[in-house]
Every structure is written in C-alpha cells, then in structure tokens.
S.K.: 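The structure under discussion is supplied below as structure tokens; questions concerning it will follow.
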Amino acid sequence: MKQQLQELFAAAVAKLKRDGVLAPEQQVSVRFERARQKQHGDFATNVALSLAKACGRPPRELAQLIIDALPAAPKIVKVEIAGPGFINVFLAADSQFQVVGAIRDAGSGYGHNAMGAGRKVIIEFVSANPTGPLHVGHGRGAAFGDSLARLLAAAGFEVVTEYYVNDAGRQMDILVVSVWLRYLELCGEQIAFPDNAYQGDYIFDIAATVHREHGDQYRHPGSEVCADITGQDLELQLDSLIQRAETLLGQEGYRYVLGVGLDALTADIRSDLEQFNVSFDRWFSERSLIEDHHVDNAIGALAKNGHVFERDGASWFRSSAFGDEKDRVVVRENGAPTYFASDIAYHLDKLERGFDCLIDVWGADHHGYMPRMKAALEAMDYDADRLVVLLVQFASLYRGGEKVSMSTRAGEFVTLRELRQEVGTDAARFFYVQRKSEQHMDFDLDLAKSESAENPVYYVQYAHARICSVFRQAAEKHIDISDLDGADLSLLGEAHEIALVNTLSRFPEVVENAAANHEPHQVAYYLRSLANDFHTYYNAHNFLGVEPRLRRARVALIDATRQVLANGLALIGVHAPDKM
RNA sequence: GCGCCCAUAGCUCAGCUGGAUAGAGCGUUGGCCUCCGGAGCCAAAGGUCAGAGGUUCGAAUCCUCUUGGGCGCGCCA
C-alpha cells in the first residue's frame, strides 16, 4: 500500500516537473509514514514541506498543487492538507481488508521480502571461549544473533550462522591445568589449586572423566607438580604450571586432556544453545586455522602488500596506516601467532568462501577491536564495509539489588542454563530481544523470575493460543467455518477490525525495517501491539456466535492474525503455542 | 588522558532514521459481559526527553560543550 502511494505521488511530482513548478533536476523521494492519529488519516507525507524551499512556494500551496496533479486512485477516499503542509491520505476501508486474503494465501511467507536479493551473509555470534558454560551475558548475544539471522533470511538474504571456537592459546592451557589439577586431587594428591585457574564445578566433572577413562595414567606427585611455584606472581605461577603440565604429561597426554575438556565444554555449550532454540550451521575451529596454515597465509597476504614489519623480535601489522590507533603484533617474539592473527585468517577465510557481507556480533567490550579488524581487510584489498560489526551492550546482572559478577575464572556467574530453567526459553528470549542491542540492560534476576508470569511473551503467545482455541471451539460445537477463502471481507468494518487489519498490513514494513537496521526488537514490540489489537477485538466482539457470513469474515480475519503472530514469533525464535 | 556506547514516567524500556498532542509494560487507583480461554479488556494518575547552547518551517532524534554512568586503550582472548 505504502509503495502504491509512493508511485502515485511520484507520478504527481513528475507532472509538476513537466509543468515547470518543480525544477526537472530536483531530487524527490516521497516518503510516507503511517499516521499516528486517526484524524490524520491512514498515511501522511511531508513531501511538500521538504520541497517548499527549493521551489519557492509556501508548503501548503505546493501541497495543493501536488494533490491536484495526483492521478485518479479508487482506493483513496480523501486527501487533505494539514498543519504546516502535511498531506494526509485516507484509504477506503474495504480495500484495507484485502490483506486478510493475502496473508492467508502467503501463510508462513507473509512478511518476507526480497531486500537481500540472495546476497550471501555470514553471521558470527556468541563465540564464547570454551572454558566454561555460557552465562546470562552470552544469552543476550545468542538471542540477538539468532533472531537477526532469522530476520535476514526472511528479508531474502542467504544466511549462514557460525560459532568461532577459540580452541587455541593460553586459555586452553589454563583449562588443561585446571582439569589436570582437579584430576590429581581425585587421584589423592595434595594440590594447592590456584585462584586464577578455572574454579567452576564443571572442571571436576571433566577431571572425573579423565580419571574414569585413564585411572592414574596422568598422575604425578603433588610435590613435583607444585614444586617451586609458590610466592611468585599469580599469572607467572600459572605459566609455570602450564609448562609443568607440558613436560609431565608429554605432548600426547596434554593433547588428550585438552581434547576431553574442549569436547565436554563445546558439547555443553552446543546443547545449551540448542535448548535456547539457537543452532549454528557451523562451529569453526581457531586451531584448525593454525594447523592448516591459514594464519601463515593471512600474514603472508598482509606482508605481500607491504604491511608487515619486524620490531622487538615480533612481527607487526601496520594497522595504523588504515585508521587504527596503533600497530598490532601478529606474531609474538616466541613465534606464536596472536589471537588477532587467527582472527584475520578467519575473516579472510569467510571472504574467500564468497560471503558478500560478514556480520560479527560482539560484546561491547570488544569495540576497540573493530578498527584493527577493518584495517586488516583493507590491507588485504577488501572493502572494509563488507564487515559489519554489531555491538551488543553488556547486561548488568543484579540479584537482590546487588550487582553480580560474571567472571568465568571465578566461576560465580549465573549460567544461561539456570536462567532458562527458571524462566523458560521463550520468556528469556523475548526478554533479551525486547531491548535494542546498543542499549545498556539491567537484568534483575529476581525481577525476571517474579515477573516471568508478566512477561509480554505470554501476552503474545496467549493471543495465538486464544485464536487456536476459537477454532477448536468451532470444531467441537460443529460451527461451520469452512470456505474462509470465500469470506466476504466487506462485511468487516468495526473500529476494532480496522485497527487490527491496519496492524496486520504493517507487518511487512516492520520486518523490512527490522532487517535493514539489524533491530530484532522491533518485531517484539510489533507483536505486543498486534496481540493488544487482537485481545481488544476479542473482548469487544463475538466471532462464532454471529450470523454465518459475518462469522466467516471474522474468522478469516483472526486466522490471518494467528498467521502473523506465528510468523513474527518465528522471527525471534519463540514458540507459538496452540494452547497454554 | 584518548576513544566507543548510553541518559525518556516511580521501575524496566519503545519512539518508524527531523514531523503534528512523546508511548508501552510493571507498579498505583477505579471499572468490565452467566457469552468463543480473565495469562484478557477499559479508564485514571504519572514527563522541564540529564543540563546549556546551536542548526530550521519543526529537535527526544542532527552538531558542540557540560554533568553523570557503562566499556575499552596487551606480544590476553
């Protein structure tokens, strides 16, 4: 509808150009907004206001000229000038109800569009280090990234989702040490477990697996393991323990412990996310990049273009030449590539796989990382704009009015699993996705629990269940609601029906806007308002207990409503239940 | 010190990319059919859009400054 209006008005503007009212070279984009208030009609445009200055006429006079130049359109019943020069358009009510048929025809495809034109997009999100379970902070990124993927797919993009597994580097070493020390405790050794190793209970479970499978095979005397490592700096102590693990376990043993820990943690994360209704097309291993020499190749690509130099025994990428605030190390003095180096390789890999657009969802604490990543793409002759980084602000967690720490090492965080089990996946996802991603978020656990019954998600789901219930009632009471396709929609026209159908027809715009701006929260807000329109209608009118022709029209309308509720909920990964 | 994000009702948040009288939920107060599910509906109260300038027909929205909060500024990941 919006588009039809734009075409009509574009025609009017073209006529004014021919008549010399507007300069032929004048750039004009007619934009329509839905009127916020009923007395302003259905749609409004400010085109006369924005063009008034350029053509030297008062806005209201220009508005009249545009209206006079408008081609005939049966769907428009009235056009009027309002305020300083807005043009308000009033549509014929019966033409608006046609969307009911369109929705029922399109089914689950209603609201989808072709904006993406099949362009390939890869969305990387969560990508939490596999050193412990996901906590509620990760939940926000998961809910956001997954909803965004659904949204972009609905907008005609070819979407692939990926989880980048940081299975290389020091954190993995700390994991090995943590597991090994707990294992040694299980063997009966006296160990002073370091405060800065991973404290969580899940480390015991992994250690128990090692012990169960290999008994005392990796056992060494506690005195030997812990010799000479007291009294130093805590991080240095950890380094010493890592070295000790390497020498005492040997390469094979070390890799084994690492593998057990990594497998257990990634499997845990994966099942956790699946129960959160989030699944990834691929889990991409950082380690594989290093072992397959992709990291070397990426550094080579930078070097080939002359952007790598040596200093202090390390290799540096001259990212400052591309807008970064300083240069960055890619190969350490000890010969090991940095995390940044593998990340460059990872992004190069994504580009080489043919993705037009790379979307990274990062926690806000990584924002300083963006300039160097973009710099790397440019240095390898790629357009940096192909990388879109979306920052998700932190969720500050409160319990009983006090801020809760979310440190993985301390093991004191609230896990996503706990949240899910307490409030449920649907409520949690809706709660997360309601906030736009760049908004700071206060997540009060007590509140989330106590209000879970008040969560708007139930309001929306209830609307869906209620409609399903109407259909069940009809079947039970043998009320005829067949041939909805043949319903005479012109029988509709109550104020509540007009409000409802208006909201229904808005859905495609909401999807397009939400996808274009990467804002899933718009869908959540839309759904609330759609559910509100339905509940209001439900309370004011009877569907089944009216004469058959009107019944058929009304049931067709609520069937379309059910469809849009289901489509919208699907976009944010929330179930649309038949009953609650 | 430098950089990024944020500040809207008592609380948690929207505000359609600069539009008309700033909106929801929760909380508070008062109402609703013996009828398709009351996890619902209707109504009321609640605002100097952090503050000050600027841009223009028009600013919560754009620019500058100030205040207040979050987060960064590693050969960690």
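Naming: A, B, ... by sequence-line order, numbering from 1 per chain. All values below come from the heavy atoms of this structure, side chains included, with hydrogens, waters and symmetry mates left out.
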S.K.: Here's one to test your reading of the geometry: is the NZ or CZ of A:Arg318 within 45 degrees of the ring axis of A:Phe309 and under 6.0 Å from its centre?
M.R.: yes
S.K.: When you get a sec, tell me which of B:rG19, B:rC13, B:rG37 is the closest nucleotide to the side chain of A:Leu49?
M.R.: B:rG19
S.K.: Whole angstrom is fine here: how far is it from OH in A:Tyr526 over to C1' in B:rC13?
M.R.: 21 Å
S.K.: Base of B:rA20, side chain of A:Asn88 - is there a donor-acceptor contact under 3.5 Å?
M.R.: yes
S.K.: B:rG15 phosphate, OP1 or OP2: any side-chain N/O from A:His521 under 4.0 angstrom?
M.R.: yes
S.K.: State plainly whether the residues A:Lys350 and A:Glu162 are in salt-bridge range, i.e. N to O under 4.0 Å.
M.R.: no
S.K.: Rounded to the Å, how far apart are A:Glu519 CD and B:rC13 P?
M.R.: 16 Å
S.K.: I want to verify a distance call: between B:rA77, B:rG19, B:rC36, whose nearest atom is closest to the A:Arg36 side chain?
M.R.: B:rG19
S.K.: When rounded to the nearest Å, what value does the distance between P atoms of B:rA77 and B:rC49 take?
M.R.: 48 Å
S.K.: For RNA chain B, determine which residues of residues 532-544 of chain A have any heavy atom closer than 4.0 angstrom to one of its atoms, and list them numerically.
M.R.: A:Asn532, A:His535, A:Thr536, A:Tyr538, A:Asn539, A:His541, A:Asn542, A:Phe543, A:Leu544
S.K.: If we check side chain to side chain donor-acceptor pair (under 3.5 Å) with A:Thr503, which of these qualifies: A:Asp533, A:Asn532, A:Thr561?
M.R.: A:Asp533
S.K.: Could you tell me whether the phosphate oxygens of B:rU56, OP1 or OP2, come under 4.0 Å of any side-chain nitrogen or oxygen in A:Lys53?
M.R.: no
S.K.: Which one, B:rA39, B:rC75, B:rG72, comes nearest to the side chain of A:Asp365?
M.R.: B:rG72
S.K.: On a whole-Å scale, what distance lies between the P atoms belonging to B:rG15 and B:rC65?
M.R.: 26 Å
S.K.: Pick base, sugar-phosphate or nothing for A:Gln39, based on heavy-atom distances below 4.0 Å to the nucleic acid.
M.R.: base
S.K.: Could you tell me whether A:Tyr432 and A:Phe144 have their ring centroids closer than 6.0 angstrom?
M.R.: no
S.K.: Would you call A:Arg170 and A:Glu235 a salt bridge, using N to O less than 4.0 angstrom?
M.R.: yes
S.K.: Would you mind telling me which of B:rA20, B:rU21, B:rC76 lies closest to the side-chain atoms of A:Phe86?
M.R.: B:rA20
S.K.: Please list, pair by pair, any protein nitrogen or oxygen found under 3.5 Å from a nitrogen or oxygen in nucleotides 3-8 of chain B.
M.R.:
unit_1: B:rG3; atom_1: N2; unit_2: A:His367; atom_2: NE2; d: 2.6
unit_1: B:rC5; atom_1: O2'; unit_2: A:Gln393; atom_2: NE2; d: 3.0
unit_1: B:rC5; atom_1: O2'; unit_2: A:Glu438; atom_2: O; d: 3.2
unit_1: B:rC5; atom_1: O2; unit_2: A:His440; atom_2: NE2; d: 2.9

S.K.: Just the rounded figure in Å: distance from P of B:rA77 to CZ of A:Phe340.
M.R.: 13 Å
S.K.: Please give the stem ranges for RNA chain B, sorted by first residue number, where a stem is three or more consecutive Watson-Crick or G-U pairs and both donor-acceptor distances are under 3.5 Å.
M.R.: B:1-5 with B:69-73, B:10-13 with B:23-26, B:28-32 with B:40-44, B:50-54 with B:62-66
S.K.: When you measure from the side chain of A:Tyr462, which nucleotide among B:rC75, B:rG37, B:rG19 comes out closest?
M.R.: B:rG37
S.K.: B:rC13, B:rG25, B:rC75: which one has an atom nearest the side-chain heavy atoms of A:Asp312?
M.R.: B:rC75
S.K.: Please give the distance between the P atoms of B:rA24 and B:rC16 as a whole number of Å.
M.R.: 16 Å
S.K.: Expressed as a whole number of angstroms, how long is the span from A:Arg528:CZ to B:rG40:C1'?
M.R.: 11 Å
S.K.: Please say whether more than 12 non-hydrogen atoms of neighbouring residues, nucleotides or ligands are located less than 6.0 Å from CD in A:Gln3.
M.R.: no
S.K.: Return no unless some side-chain N or O of A:Arg332 is found under 4.0 Å from OP1 or OP2 of B:rA77.
M.R.: yes
S.K.: Any side-chain N or O of A:Arg466 below 4.0 angstrom from OP1/OP2 of B:rG40?
M.R.: no
S.K.: I'd like the C1' distance from B:rA52 over to B:rU67, given in whole Å.
M.R.: 11 Å
S.K.: Before you tell me yes or no, could you show the steps for A:His347 and A:Asp360 under side chain to side chain donor-acceptor pair (under 3.5 Å), namely the whole-Å CA-CA distance, both residues' side-chain angles and the distance that decides it to 0.1 Å?
M.R.: CA-CA 10 Å; A:His347 283 79; A:Asp360 288 7; 2.6 Å; yes
S.K.: For the residue pair A:Tyr458 and A:Phe430, is the inter-centroid distance of their aromatic rings smaller than 6.0 Å?
M.R.: no
S.K.: May I have the step-by-step check of side-chain contact (heavy atoms from CB on, under 4.5 Å) for A:Phe534 and A:Leu565, ending in yes or no?
M.R.: CA-CA 10 Å; A:Phe534 168 73; A:Leu565 286 167; 5.5 Å; no
